[in-house]
J.: 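Pasting in a structure now, in structure tokens, and then I'll have a few things to ask.
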There are 2 protein chains.
Amino acid sequence: MDGPPPPRVPTLADVAARAGVSTATVSRCLNAPDRVQKDTRDRILEAVKHLGYSPNFGARALAAKRTDTIGAIIPTMDNSIFARGLQAFQTALVDHGMTLLLASSSYRRDLEETQIRTLVARGADGLLLIGHDRDPALYDFLARHTVPVLVSWVFDPTQPRPSVGFDNRQAMAEMTHRVLAQGHRRLATISGYTSDNDRTRDRVAGVRDAMAEVPDCAPLNVVETRYGIETGARAFAQILAKTPETTAVICGNDLLALGAMRQARTMGLRVPQDISITGFDDMEIAVIADPPLTTVRVPHGDMGRQAASMLTEMVRSGTTPDTVALPCEIMERGSLGPAPRS
Amino acid sequence: MDGPPPPRVPTLADVAARAGVSTATVSRCLNAPDRVQKDTRDRILEAVKHLGYSPNFGARALAAKRTDTIGAIIPTMDNSIFARGLQAFQTALVDHGMTLLLASSSYRRDLEETQIRTLVARGADGLLLIGHDRDPALYDFLARHTVPVLVSWVFDPTQPRPSVGFDNRQAMAEMTHRVLAQGHRRLATISGYTSDNDRTRDRVAGVRDAMAEVPDCAPLNVVETRYGIETGARAFAQILAKTPETTAVICGNDLLALGAMRQARTMGLRVPQDISITGFDDMEIAVIADPPLTTVRVPHGDMGRQAASMLTEMVRSGTTPDTVALPCEIMERGSLGPAPRS
DNA sequence: TCGCACTATGCAAGCGCTTACATTGCGATT
DNA sequence: AATCGCAATGTAAGCGCTTGCATAGTGCGA
């Protein structure tokens with residue numbers, strides 16, 4: 001019936017021709033359907049379907065000055081912590097008609113900077129970033145390009161930028177309270193690197209906050225290391241070498257805690273009878289660790305979903321939302337027990 | 001010194017004006033630097049820097065008919081299996097000057113289809129997909145839009161599309177050989193859902209391949225379920241209810257295996273003395289499970305990096321590379337032991 | 001000295017879409 | 001019946017870049 005198939009990808013003009021209207025009407029029909037009459041719309045839609053038309057992205061971006069694309073830069077996808085939040089973020093973004101442009105920084109500030117510039121150059125309408133710590137020049141750059149930024153994974157109402165996240169400091173303070181409540185007074189912390197990272201800093205600060213309220217605490221032994229199981233194990237050994245009297249090790253994330261637990265076992269220490277260990281994140285495996293890990297449940301999913309809504313709103317309306325705080329929950333499980341009688 | 005800053009984002013024309021050349025020369029200078037003379041180039045680069053120029057993405061995409069963007073659709077980021085490969089993929093992509101557009105399908109065929117169309121509409125120059133199972137109409141669609149596709153996570157040279165991955169079937173057969181070598185003859189498998197998923201199908205097929213070489217095996221008890229720890233635990237209980245004589249449970253991934261191990265412990269079974277359990281993926285936690293999990297190490301990183309190179313090449317040169325097979329490695333650890341004397 | 005090959009640069013035509021503005025047609029208002 | 005307002009649609013001007021082709025400049029062999 002039909003002639004030979006069109007040799008090229010159909011354009012708006014092809015649709016317009018087939019429907020017997022102008023390209024403007026087709027464009028409107030696609031972007032604001034209620035601005036064209038029902039029968040015209042039907043005719044256009046038929047043409048669209050028949051031709052298999054799909055708008056050219058570049059042309060649309062050029063003319064409309066937006067891409068319906070949101071960029072996100074996370075430290076890493078390697079461990080599931082960020083991946084879970086990202087999954088929720090991406091899914092929600094799709095529901096809002098947005099697409100995710102993704103990059104990772106490997107926790108490196110210089111790389112993150114490059115990635116931010118790249119994503120903006122790639123036309124990201126808005127950006128999701130983790131944490132506030134960043135060169136002010138970068139924020140200037142983003143402002144100049146009028147790219148809205150939403151910060152996640154933290155809650156800090158004193159920052160000028162909106163964020164959606166949780167209060168790392170308070171969550172860790174709460175965890176530390178629980179540890180202290182078990183009678184522990186000789187604590188140590190295995191933390192991620194704190195330079196360029198407000199989240200890790202806040203977590204350590206939270207530990208200190210809680211300790212400050214109890215008079216007879218020994219000084220906190222803090223070891224900084226890269227996040228990971230192996231590094232957690234090594235850090236644990238280091239801690240016991242320096243302060244063997246430690247009865248509880250508060251870890252900056254679950255991976256570190258898992259490594260610490262393994263090392264404890266290796267060294268013949270029972271958890272929690274001889275030493276208590278806590279984590280942060282509540283990864284899926286926390287509950288099947290032996291003993292199950294006491295940790296902080298982070299609202300990954302809510303954070304991701306909220307971030308998607310907020311960013312979409314920011315991009316579409318140009319408004320700046322209020323910073324949102326999401327609650328964490330302490331999951332008390334087997335790895336935290338009473339302090340041993342010394 | 002300078003006048004008031006330009007009120008808007010600078011364009012090619014601004015750069016050209018400042019450098020005293022035409023926009024064509026600036027464009028060439030940016031895209032093929034060796035086609036303009038050194039001093040002209042320096043002048044242009046100075047102008048670029050001074051103005052803080054960065055090319056407009058939409059305009060470039062429209063004129064050049066490419067976006068330097070690669071789309072990837074993975075089943076989920078929720079578990080670290082895909083996330084790790086993706087991390088390597090993204091990093092390598094950046095090294096090739098490409099950017100990652102990401103979507104996830106939640107293992108749902110219909111969603112995946114939508115996402116594929118969306119990413120193409122968003123201007124992805126090429127696509128990374130997981131597994132071959134897909135509606136042929138989709139492949140037609142991609143061909144019509146001349147979007148090259150690379151399939152990953154599988155190795156199947158009989159498929160018309162290039163892929164980079166590993167042989168799920170052979171890897172699982174190899175694992176099963178190891179299990180059989182320990183004297184096990186009553187096996188069960190906890191598999192992910194096999195409909196629309198060639199990877200899970202291949203893994204089960206691998207188990208059967210190996211069993212076929214041994215005459216006295218009991219029939220294989222297969223339970224299909226969603227990937228996860230909880231679901232793995234439930235599936236394990238189901239298996240023991242139906243075939244309590246089972247001495248080894250071969251799981252389709254590590255999460256399932258971890259769940260199975262937990263359930264075994266709950267039911268008072270010792271691993272591996274009473275029952276052996278194996279996984280697939282070699283997630284980071286496999287080694288700290290108790291007992292450490294015998295599993296298949298999948299070359300996530302290599303796969304991601306290779307995929308990035310291959311796709312970039314496909315997009316840039318329009319060629320179709322050969323399918324690449326990457327080796328898996330069986331990690332024999334504590335969760336696999338000799339079959340108990342019955 | 002002339003012509004030729006070749007390089008560096010400019011000119012200008014799009015790429016396919018959105019949108020401000022203009023036009024048309026029709027019912028309601030006076 | 002003339003006028004006005006409004007809804008539906010058309011007209012056409014870009015959006016900022018790439019690239020085929022044209023043009024000018026340069027060095028070299030004959």
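The sequence lines fix the lettering, A, B, ..., with proteins before strands; numbering per chain opens at 1. Source: prediction; values computed, not measured.
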J.: Taking any heavy-atom pair under 4.0 Å as a contact, classify A:F57: base, sugar-phosphate, or nothing.
T.: nothing

J.: Report yes or no: does B:E313 contribute a side-chain atom to a donor-acceptor pair with the main-chain N or O of B:T319 at less than 3.5 Å?
T.: no

J.: Would you check if the distance from the ring center of A:F89 to the ring center of A:F82 is below 6.0 Å?
T.: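 Between A:F82 and A:F89, which both carry aromatic rings, the centre distance is not below 6.0 Å.
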
J.: Flag the pair A:D39 and A:R43 as a salt bridge only when some basic side-chain nitrogen lies within less than 4.0 angstrom of an acidic carboxylate oxygen.
T.: no

J.: Whole-Å distance between D:dG16 P and B:L51 CG?
T.: 14 Å

J.: Can you tell me the distance, in whole Å, between the CG atom of B:N31 and the P atom of C:dT9?
T.: 15 Å

J.: Using side-chain heavy atoms (C-beta onward) and a distance below 4.5 Å, is A:D68 in contact with A:D125?
T.: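 Side chain of A:D68 against side chain of A:D125, heavy atoms only: contact under 4.5 Å found.
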
J.: Below 4.5 Å, heavy atoms only, C-beta onward: do B:P148 and B:T320 meet side chain to side chain?
T.: no

J.: Walk along nucleotides 6-15 of chain D from 5' to 3' and tag each nucleotide B, S or - by protein heavy-atom contact under 4.0 Å, base first, then sugar-phosphate.
T.: --SBBB--BB

